[in-house]
J.: 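Just dropping this structure here.
The analysis underlying the following values was restricted to heavy atoms, covering all of them including side chains, and did not include hydrogens, waters or symmetry mates.
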Amino acid sequence: MHPPYDTAADPDRPVTLDRREGPYGEVVLRRRGEEDPGPGTGPGPGPGTAQPVFEIIANGCFLMDTSDGRSERLLIRAALNALPADRRAPALLIGGLGVGFSLAEAAAEPRWGRIVVVEREEAVIDWHRTGPLGRISAAALADPRTEVIRADLVAHLHSGLHSGLHSGAAAAPEPYDALCLDIDNGPDWTVTEDNDGLYSPAGLAACRARLAPGGVLAVWSAQPSSAFEEALRNAGFTGVRTEEISVARGVPDAVHLAIRGA
């Protein structure tokens, strides 16, 4: 973290804990509410507690906070439930570390095998390893199944797809059984223009290529998108459906699910 930090007499005013400039623009970690100095601080806020809420802002755009992790956790559970029940130790890729709810959900489930998290912002990784978001992710980061890769998700998905096609080429990367992606506010509302490529025909083709047969693609969105459902079908996915999560105000959050055929 980079001092000095903001201080605020008004407990309702967000306090900036860290602000970083990186290759993709500015990322900010903010806190709402006061830290509880007493014992019993758990992994994220719970009902009736006085724990603060942490927010991640990217290029002035609100991304997520720790007030409600239901949809981020559903992203992982829905993908696992969509896999064949006899799939042993399925390999999971989580696109975007965020505030850590998805990783925590994955690490709490013994059925998952390898858990790979791809996060492009060094600041976000730091906020988990040495900062306040560790209260959500510390146990998951210590899990031997977990690997954090600092990389652009779109580039990671495309990497290695053409390996092994020619003599002397490196072996193709091991496929994933599930891709759980949450790097934007949804296919229709990306954080940076570079992320548009993830939802394009080429991006969805890369997702499909990185999945094992019968593997699951799960994409978080701040609202359901019928256009994205159609794009998934056009990309050759089957079993396309959307699970919605009601929120306090506005349209529901959504998890779009699709299956790579055998």
J.: Looking at side-chain heavy atoms only, is the closest gap between Leu157 and Leu198 below 4.5 Å?
T.: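 Side-chain contact under 4.5 Å: yes.
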J.: If you take all heavy atoms of Asn59 and Gly25, which pair is closest and at what distance?
T.: OD1-CA, 3.2 Å
J.: Which of these passes side chain to side chain contact (heavy atoms under 4.5 Å, CB included) with Cys180: Leu217, Val216, Ile76?
T.: Ile76
J.: Taking the side chain as every heavy atom from C-beta outward, state whether Thr66 and Phe101 have any pair of such atoms under 4.5 Å apart.
T.: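 In contact.
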J.: Going by heavy atoms in the side chains, are Phe62 and Val28 under 4.5 Å from each other?
T.: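 No; the side chains remain at least 4.5 Å from each other.
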J.: Please test Arg135 against Phe54 for side chain to side chain contact (heavy atoms under 4.5 Å, CB included), starting from the C-alpha separation and ending with a verdict.
T.: CA-CA 11 Å; Arg135 68 185 63 197; Phe54 297 96; 3.8 Å; yes
J.: For the backbone of Ala107 and the side chain of Arg145, can you confirm whether one donor and one acceptor N or O come within less than 3.5 Å of each other?
T.: yes
J.: Show your reasoning for whether salt bridge (Lys or Arg N to Asp or Glu O under 4.0 Å) applies to Arg20 and Glu26.
T.: CA-CA 6 Å; Arg20 307 268 191 102; Glu26 180 189 73; over 6 Å; no
J.: Which pair of heavy atoms, one from Ala78 and one from Leu257, lies closest together, and at what distance?
T.: CB-CD1, 3.9 Å
J.: Which atoms form the tightest heavy-atom contact between Arg210 and Pro173, and what is the distance?
T.: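 In terms of heavy atoms, the two residues are closest at NH2-CB, 3.6 Å.
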J.: Evaluate side chain to side chain contact (heavy atoms under 4.5 Å, CB included) for Trp127 paired with Leu17, printing each intermediate quantity in order.
T.: CA-CA 10 Å; Trp127 297 336; Leu17 301 179; over 6 Å; no
J.: Report the residues that fulfil side-chain hydrogen bond (donor to acceptor under 3.5 Å, both in side chains) with Arg241, sequence neighbours left out, ordered by chain and then residue number.
T.: Glu243
J.: Which residue pairs pass the salt bridge (charged side-chain N to carboxylate O under 4.0 Å, His left out) test when at least one of the two sits in residues 55-66, sequence neighbours left out?
T.: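 Listed once each, the pairs are Arg30-Glu55, Arg32-Glu55.
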J.: Heavy atoms, side chains only, cut-off 4.5 Å: are Val255 and Val219 in contact?
T.: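 Result no, sub-4.5 Å side-chain heavy-atom pair not found.
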J.: Is Ile245 reachable from Val251 through a run of hydrophobic residues whose side-chain heavy atoms are each under 4.5 Å from the next?
T.: no
J.: Are side-chain heavy atoms of Leu80 and Glu109 found at a separation under 4.5 Å?
T.: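 Yes - at least one pair of side-chain heavy atoms lies under 4.5 Å apart.
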J.: For Ala79 and Ala178, work out which heavy atoms get closest and say how close.
T.: CB-CB, 4.3 Å
J.: Quick check for you: to the nearest 0.5 Å, what is the distance between Ile56 atom CD1 and Met64 atom CE?
T.: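 Nearest 0.5 Å value for the CD1-CE distance: 6.0 Å.
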J.: Can you measure from CG (Leu93) to CG (Leu181) and round to the nearest 0.5 angstrom?
T.: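 One finds 7.0 Å between CG of Leu93 and CG of Leu181.
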J.: What closest approach, in Å, do Ala140 and Leu103 show between heavy atoms, and which atom pair accounts for it?
T.: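 Closest heavy-atom pair between Ala140 and Leu103: CB-CG, 3.6 Å.
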J.: Of all residues at least two apart in sequence or in a different chain, which pass the salt bridge (Lys or Arg N to Asp or Glu O under 4.0 Å) check with Glu122?
T.: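 For Glu122, the residues satisfying salt bridge (Lys or Arg N to Asp or Glu O under 4.0 Å) (neighbours in sequence not counted) are Arg150.
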J.: Begin from the C-alpha positions of Ile57 and Val27 and carry the test side chain to side chain contact (heavy atoms under 4.5 Å, CB included) through to its verdict.
T.: CA-CA 6 Å; Ile57 314 294; Val27 288; over 6 Å; no
J.: Which side chain to side chain donor-acceptor pair (under 3.5 Å) pairs, counting each pair once, include a residue from residues 85-101, with sequence neighbours left out?
T.: Arg87-Asp177
J.: Where the side chain of Ser221 meets the backbone of Pro224, is there a donor-acceptor pair that is under 3.5 Å apart?
T.: no
J.: Are Leu97 and His128 packed together at the side-chain level, in the sense that at least one heavy-atom pair is separated by less than 4.5 angstrom?
T.: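 Sidechains of His128 and Leu97: in contact.
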J.: Please report the C-alpha distance between Ile149 and Val117 in whole Å, then the side-chain angles of each, then the deciding distance to 0.1 Å, and finally whether the side chain to side chain contact (heavy atoms under 4.5 Å, CB included) criterion is met.
T.: CA-CA 6 Å; Ile149 298 175; Val117 182; over 6 Å; no
J.: To the nearest 0.5 Å, what is the distance between SG on Cys207 and CG on Leu232?
T.: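 Rounded to the nearest 0.5 Å, the SG-CG separation comes out at 9.0 Å.
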J.: Would you say Glu119's side chain and Glu121's backbone share a donor-acceptor pair under 3.5 angstrom?
T.: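 Checking the backbone N and O of Glu121 against the side chain of Glu119, a donor-acceptor pair under 3.5 Å is found.
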J.: To the nearest 0.5 Å, tell me how far Arg31 CZ sits from Asp18 CG.
T.: 13.0 Å
J.: Which heavy atom of Leu75 sits nearest to which heavy atom of Ser102, and what is that distance?
T.: CD2-OG, 3.9 Å
J.: For Arg77, enumerate each residue passing the salt bridge (Lys or Arg N to Asp or Glu O under 4.0 Å) test, keeping only those at least two apart in sequence or located in another chain.
T.: Glu105
J.: Side chains of Asn81 and Leu83: does their closest heavy-atom pair fall under 4.5 Å?
T.: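 No, every pair of side-chain atoms sits at 4.5 Å or beyond.
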J.: Please work out whether the ring planes of Tyr199 and Phe228 are parallel, tilted or perpendicular, with thresholds of 30° and 60°.
T.: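 Because their plane-to-plane angle is over 60°, the rings of Tyr199 and Phe228 count as perpendicular.
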J.: Would a 4.5 Å heavy-atom cut-off, applied to side chains only, mark Pro187 and Gln223 as touching?
T.: no
J.: Is there any side chain to side chain donor-acceptor pair (under 3.5 Å) pair reaching into residues 244-262, and which pairs are they, with sequence neighbours excluded?
T.: Ser71-Asp253, Thr242-His256
J.: Measure the CD1-CD1 distance between Ile94 and Ile183 for me, rounded to the nearest 0.5 Å.
T.: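 The CD1 atom of Ile94 sits 13.5 Å away from the CD1 atom of Ile183.
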